[in-house]
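First the structure, in the form of structure tokens, and then the observations on it.
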Amino acid sequence: LDPAPDGGTRLALRLPGPAFELAVEGTLAAVSDGADGVRLYDVSDPGQPRPRASVALPRELPAGALSLAGPRLYVAADTASVAVLDVADPDAPAALAPADRKLQVSFPK
């Protein structure tokens, strides 16, 4: 991925599982990996991305397409749902929607 073509910056993420979608804004990268949810990375040093947190969506909502818009991460979940996360603090992402389902946040060791 080349997040800034005019700047010549290159980003390479080695992931523990599949990657269905990637969104990058500023120094934050988000990767969806289906049933495992979403992983957040600090890419301030694109040569050495650093894991920040993982967010597991409920099992019936696999993570698909992503969109980062400021402090919000929108995740297409399954075929008819959207999860919205507040990622203003990438070390402690907070679920904003769906309100009726529980999202699980974990942190890298």
Side-chain angles (χ1 to χ4, degrees):
L1 168 73
D2 190 347
D6 56 336
T9 303
R10 302 281 182 210
L11 168 65
L13 292 173
R14 188 172 305 276
L15 304 172
F20 295 104
E21 182 87 12
L22 173 69
V24 178
E25 184 171 297
T27 60
L28 182 65
V31 178
S32 66
D33 56 4
D36 288 332
V38 177
R39 298 177 191 279
L40 301 176
Y41 295 88
D42 176 345
V43 293
S44 54
D45 178 356
Q48 296 183 335
R50 185 174 60 86
R52 300 292 292 261
S54 294
V55 179
L57 303 177
R59 191 51 131 173
E60 70 275 11
L61 296 176
L66 301 173
S67 179
L68 272 168
R72 303 285 186 261
L73 174 63
Y74 299 91
V75 183
D78 200 15
T79 58
S81 297
V82 174
V84 182
L85 305 174
D86 180 344
V87 293
D89 179 356
D91 291 320
L96 300 176
D100 60 335
R101 292 190 171 120
K102 186 174 183 181
L103 305 181
Q104 180 181 343
V105 176
S106 62
F107 304 94
K109 294 179 179 171

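Along the sequence shown, residues are numbered consecutively beginning with 1. These figures come from a predicted structure and were not determined experimentally.
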Subject >> Counterpart residues, side-chain hydrogen bond (donor to acceptor under 3.5 Å, both in side chains), relative to S67 (two or more places apart) >> reply: none

**OP:** Enumerate the residue pairs fulfilling salt bridge (charged side-chain N to carboxylate O under 4.0 Å, His left out) with a member in residues 67-76, sequence neighbours excluded, ordered by first and then second residue.
**Re:** R72-D86

Side-chain donor-acceptor distances from residues 23-31 under 3.5 Å, at least two apart:
from, atom 1, to, atom 2, distance (Å)
E25, OE2, G70, N, 2.8

Original post:
Do P93 and L40 come close enough that some side-chain heavy atom pair is under 4.5 Å?
Top reply: yes

Subject >> Heavy-atom closest contact (L66 atom, E21 atom, distance) >> reply: N-CG, 3.2 Å

**OP:** Please answer: with hydrophobic residues joined when any side-chain heavy atoms are less than 4.5 Å apart, are F20 and V38 in the same cluster?
**Re:** no

Subject >> Least distance between heavy atoms, S54 atom then R39 atom >> reply: OG-NH1, 3.4 Å

Subject >> Shortest non-hydrogen separation from A63 to S32 and the atoms involved >> reply: CB-CB, 3.8 Å

